[in-house]
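Notes to accompany the following structure.
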Amino acid sequence: MKTFLETQDQKTKIEYLNKFALDLDLYLPRLLVCNKNCAYALANLTKKKRAKEILLSTKETYENLVLELIDSADAKIRKYAYVICGNLPTEKLYNRLKEQIYKEETYLTLPSLMLSLVGKDCKDLLERACNEQEQIAPKIYAEIVTNYNLANPREYQTALGFNFTSASGIIFTQKCYEDFIIKDLALYNKQKLKCGIKINDITPKDYQILAKRRDIYSFSLILSQNANLKECLNLGLKYLDDIVDNGDFAYRISCQDSKINSAVLKEIKTISLSNLTNSPNNYSISVEVIIQNGYLLVASLESCKEKFTYRQEFLPASINPTTANIICKIAHYYNPNAKVIADGFCGTGTMLIERKLVNKSVSLIGSDISKISISKAKTNLNNIGFKAKLSCCDIADFKEGNLDEFISNLPYGLRVGSHSDNFKIYKNLVFKLEKSLVKGGFAFLYTADKKLLRDLVKFSNLKLVSELNFISGGLYCSLFIVQK
Ligand SMILES: C[S@@+](CC[C@H](N)C(=O)[O-])C[C@H]1O[C@@H](n2cnc3c(N)ncnc32)[C@H](O)[C@@H]1O
């Protein structure tokens, strides 16, 4: 018990909790009532999904123990009890909390109580705090009001467009893809920057068209450029305030370099705007400070990010769909006449779907060792109305032949699996590619386990045409373009 309370490692804590769960009646009462630290530990644990499951599986014991905490004479324990109820509420606990709106005598606990209430009950507690404001310390009163606002977020309008006459924007995509996408942007006046591709003289309609491209992570409008951070923020946010409709819109601001975060947050508090509020939890405009010859302030619309609506099913290892689209555009550039395309590690089907979106005339074959992946791929394919021949099998048993193309996001052996598992998998893959691709057929293989694949391809009768560097999800990956 002592180790459990003292350990900072969440994994060890959960292991202990699993152990306690076997004998919850014995351990949880001790955990909850022995001292303040126990209530604190439980308040932290109720933030965790697994701990919640365990506690809810013995709901009555959990409820009775938290009720005891609410009845504690120690205000700090009651405060943690409110946090626990906020993290893991049940009907019985909520009904008891409602009584505390008028019963709780220690003002220090009211901010936490506010966060565990909803709707009209929050209003009731705020009303009580207003009536008793003179007796409440100003800092606590301010916290009660802040938590009221957090528990009852303001409804903002959704910004769907910008109103400007002419402006510039920046396309953010993979560096290795910039030369490909530039070929597609012949109509625009453009220039490569370190951070992306700058597009000049655009209209609001151009903004919408470019922002909806599937092969870019975002298209942001340039709001201001200045060597001075304060000026950049002031000019940029005021310009943004002018080009959104009149109304009540929310934005979130982020910085490319976290070192300037606090300076930015401090400065924006001093800028008064008519249509815009900074609301990091609930916003429709993303603003970013980029360091590029001084500072650049840019903005993008969240509504333009809703491009991959078919993708209701995904797994932790699923590829970012924009990255998948970029890979598929590159594949189409190398292999425009491909007819039969397979992904032997299809997961939830993202690569196959994006490939067909790039070239509607292809037919798709997908396989994966995991049954769950295949069933999720089926759902996603159905969502977009595409057909594919799907099967559940190890790449070692992959039997398809006459393929014009094999395109895959391979297992990396990092977060899932291992490098030694990969050796076997990649060896089988290369062997299958040698057999199943038609002469001149291509394989597009995306992985972070680069050396292994490079070496295996070197000793096969496949030719490495190119290796392109990607950065995605914090990993340095490569797209191997291989030809038989
Ligand atoms: C990086 S994920 C691909 C994710 C996929 N692109 C998506 O967006 O969902 C790798 C996939 O390889 C599959 N896999 C791992 N070992 C395999 C094997 N020996 N044969 C076939 N598939 C395998 C995993 O089940 C996983 O779905």
Side-chain angles (χ1 to χ4, degrees), residues 174 214-215 217 307-331 341-358 362 364-384 386 388-400 403 405-437 443-450 452-453 456 468 470-480:
Q174 292 287 337
R214 305 175 80 77
D215 52 0
Y217 296 100
K307 301 180 245 187
F308 303 96
T309 46
Y310 66 83
R311 208 173 184 247
Q312 282 160 19
E313 298 284 352
F314 51 91
L315 290 164
S318 291
I319 192 165
N320 176 313
T322 299
T323 308
N325 188 273
I326 293 171
I327 293 170
C328 292
K329 289 262 169 66
I330 295 173
I341 294 184
D343 180 350
F345 303 85
C346 72
T348 54
T350 319
M351 199 72 98
L352 291 173
I353 292 172
E354 292 302 323
R355 189 66 178 89
K356 197 167 171 80
L357 283 168
V358 174
V362 302
L364 305 173
I365 298 170
S367 67
D368 195 287
I369 199 167
S370 145
K371 259 192 200 161
I372 296 175
S373 295
I374 292 295
S375 103
K376 288 180 185 272
K378 245 180 223 160
T379 309
N380 287 341
L381 281 151
N382 265 341
N383 290 343
I384 197 153
F386 288 169
K389 183 177 170 192
L390 293 177
S391 63
C392 181
C393 78
D394 190 313
I395 191 66
D397 305 318
F398 184 83
K399 295 213 166 51
E400 301 293 336
L403 302 179
E405 183 175 313
F406 189 100
I407 187 163
S408 259
N409 173 30
L410 303 180
Y412 305 162
L414 291 173
R415 293 170 186 154
V416 190
S418 69
H419 181 72
S420 56
D421 292 339
N422 263 8
F423 181 72
K424 220 166 84 192
I425 298 172
Y426 284 26
K427 219 172 136 197
N428 284 329
L429 165 66
V430 170
F431 177 68
K432 290 290 167 183
L433 290 176
E434 289 175 323
K435 287 179 81 176
S436 54
L437 282 175
F444 299 92
L445 308 170
Y446 183 76
T447 181
D449 204 346
K450 298 177 270 194
L452 175 63
L453 188 61
L456 286 167
L468 303 176
F470 279 62
I471 303 180
S472 188
L475 291 174
Y476 291 91
C477 295
S478 281
L479 174 66
F480 289 83

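One-based numbering, in listed order, for ligands and for the atoms of each.
- Under the 4.5 Å side-chain criterion, counting only non-hydrogen atoms from C-beta, S367 is not in contact with E400.
- At most 12 heavy atoms of other shown residues, nucleotides or ligands fall within 6.0 angstrom of atom NZ in K427.
- From E354, atom CD reaches atom CD1 of I319 across 9.5 Å, with rounding to the nearest 0.5 Å.
- The side-chain contact (heavy atoms from CB on, under 4.5 Å) test with T350 is passed by exactly one of L352, T348, I353: T348.
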Practice task
Under the side-chain contact (heavy atoms from CB on, under 4.5 Å) rule, what do L381 and L390 come out as? Steps first, then yes or no, please.
Solution key: CA-CA 10 Å; L381 281 151; L390 293 177; 3.9 Å; yes

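- How far CD1 of I330 is from CZ of F470: 4.0 Å, rounded to the nearest 0.5 Å.
- Protein residues lining ligand 1, listed by chain and number: A317, S318, I319, G344, F345, C346, G347, T348, T350, D368, I369, S370, S373, C393, D394, I395, N409, L410, P411, I425 [non-hydrogen atoms, distance under 4.0 Å].
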